[in-house]
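Remarks on the structure that follows.
Fair warning: this is a prediction, and the values are worked out from it, not measured in the lab. Here, residue 1 is the first one in the sequence, and each next residue gets the next number. These numbers come from the heavy atoms of this one structure, side chains and all, not from hydrogens, waters or symmetry mates.
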Amino acid sequence: MHKPALPQEGSDTFNDQVRIVLVETSHSGNIGAVARAMKNMGLGNLWLVNPASFPDEASYARSAGASDVLDRAQVVGTLDEALADCVLVMGTSARGRKVPWPVIAPPQAAATAGEYSQQGRVALVFGRENHGLSNDELQRCHYHIHIPSNPDYSSLNLAMAVQVVCYELRMHYLQSLEENGTSPNLEAMVGPGDRGWDVPPAEVQEVEGFFSHLEQVLVDVEFHRRTNPRQLMTRLRRLFQRARLDQMEINILRGILTSVQKAAGTLPGNDKQKTAVDEGQEKGHV
């Protein structure tokens with residue numbers, strides 16, 4: 001009926017304690033899309049309250065590899081059954097109420113879910129596609145979750161709403177791992193010196209050698225005059241410093257400059273002189 005599921009990421013807190021509850025879903029394809037959104041973010045505990053149709057081919061087709069979430073989904077007849085063993089319930093709501101209710105945004109909802117999941121099961125409840133949760137259903141929730149979408153077009157597809165909340169749960173989970181020093185998932189990699197970068201950062205002497213070489217080439221091709229420098233080299237220095245060059249990049253740039261000198265007939269010394277890139281290739285750096 002459906003293709004095999006990809007492996008499910010394991011996490012006691014997320015997969016066992018945090019429960020995604022869908023109330024009276026009209027279109028089974030949305031159930032599959034929700035399963036996919038959940039699995040993307042490492043969640044796998046799905047409860048369905050009186051769905052119009054489930055299981056069926058449409059739900060599995062839309063799950064796109066998250067069929068294991070659907071296989072384990074719990075189907076119950078009432079919301080009370082889905083919430084009975086939970087210590088915290090939060091429901092999504094886009095409407096204001098005559099009687100104000102505690103309202104939190106998705107990041108705060110994730111943090112609250114993470115806190116209470118240490119004490120017991122947590123339910124995150126999503127309503128019907130056309131009109132969400134009823135007032136009676138929302139009154140069963142300790143908190144209402146409000147996604148601050150565009151007020152001129154605030155309606156969210158069910159799976160999109162689930163994805164937003166599950167993303168915040170995922171971020172909270174990863175941040176907790178970072179705090180414990182057990183995961184580099186949120187660590188940025190934007191330049192040399194960062195974990196995962198393939199080449200060490202260029203040392204000051206290498207960068208200064210490049211700037212000297214660059215200035216000489218610009219003089220050679222009559223683009224730059226040392227007797228009337230203005231701000232050319234200052235601005236070029238600022239440009240390349242901003243790039244935070246690594247050792248490979250320095251080698252490549254020096255090789256380009258040497259090739260320019262060869263083409264211009266201004267290369268000092270022997271024509272057989274190796275370029276920086278040639279040397280890098282011999283060392284296995286390129």
Return yes if some donor-acceptor pair links the side-chain N/O of S149 with the main-chain N/O of S154 below 3.5 Å, else return no. yes
Test of understanding: with ring-ring contact (aromatic ring centres under 6.0 Å, His included), list the residues that count as partners of F54, not counting sequence neighbours. none
Sub-4.5 Å side-chain heavy-atom contact between F126 and L133: no
Please answer whether the main-chain N or O of S117 pairs with a side-chain N or O of Q17 as donor and acceptor at a distance below 3.5 Å. yes
Looking only at heavy atoms, which two atoms of V87 and H142 are closest? And how far apart? O-CE1, 3.8 Å
Is R62 salt-bridged to D56, cutoff N-O under 4.0 Å? no
Whether the side chain of R244 engages the backbone of P192 through a donor-acceptor N/O pair (distance < 3.5 Å, no angle test) should be reported. yes
What's the verdict on side chain to side chain contact (heavy atoms under 4.5 Å, CB included) for N50 and V75, showing C-alpha distance, side-chain angles and the deciding distance? CA-CA 7 Å; N50 192 27; V75 180; over 6 Å; no
Separation of Q231 CD from R238 CZ (nearest 0.5 Å): 8.5 Å
Is a side-chain N or O of H224 found less than 3.5 angstrom from the main chain of V219, in a donor-acceptor match? no
Holding to salt bridge (Lys or Arg N to Asp or Glu O under 4.0 Å), I want the full list of residues that pass it with R140, two or more places apart in sequence or in another chain. D80
side-chain hydrogen bond (donor to acceptor under 3.5 Å, both in side chains) evaluation trace for R226 with Q216: CA-CA 9 Å; R226 288 194 177 98; Q216 182 58 57; 3.1 Å; yes
For a side chain to side chain contact (heavy atoms under 4.5 Å, CB included) with L245, tell me which candidate from R242, Q247, E249, Q241 qualifies. E249
Shared ILVMFWY cluster between L88 and V103, side chains joined below 4.5 angstrom? no
Quick one: does any side-chain atom of W101 pair with a main-chain N or O of C141 as donor and acceptor, under 3.5 Å? yes
Can a donor-acceptor pair be found, under 3.5 Å and without considering hydrogens, that links the side chain of R128 to the backbone of G132? yes
Taking OH in Y143 as the centre, count heavy atoms belonging to other residues, nucleotides or ligands within less than 6.0 Å. Is the count above 12? no
Co-membership, hydrophobic cluster, residues F223 and F210, 4.5 Å side-chain: yes
Taking L138's backbone N and O only, do any of them form a donor-acceptor pair with H144's side chain (distance below 3.5 Å, no angle check)? yes
For G127 and L158 the tightest heavy-atom approach is O-CD1, 3.9 Å
Step-by-step side-chain hydrogen bond (donor to acceptor under 3.5 Å, both in side chains) determination, E129 to H27: CA-CA 8 Å; E129 293 95 331; H27 304 287; 5.1 Å; no
Give, for atom CG of N130 and atom CD of E24, the distance between the pair rounded to the nearest 0.5 Å. 10.0 Å
Main-chain N/O of R254 paired with T258 side-chain donor or acceptor, under 3.5 Å: yes
Candidate pair T78 and E81, rule side-chain hydrogen bond (donor to acceptor under 3.5 Å, both in side chains), full reasoning: CA-CA 5 Å; T78 66; E81 292 176 77; 3.2 Å; yes
In plain terms, say whether R237 and E208 are close enough for a salt bridge, that is, a side-chain N and a carboxylate O under 4.0 Å apart. yes
Does atom CD (E222) have a neighbourhood of more than 12 heavy atoms from anything else shown, all under 6.0 Å? no
Going by atom types alone, do E215 and S212 pair a side-chain donor with an acceptor below 3.5 Å? no
Measure the spacing between CD of Q163 and CG of N40 and express it to the nearest 0.5 Å. 5.5 Å
To the nearest 0.5 Å, atom OH of Y116 lies from atom CE of M90 at 9.5 Å
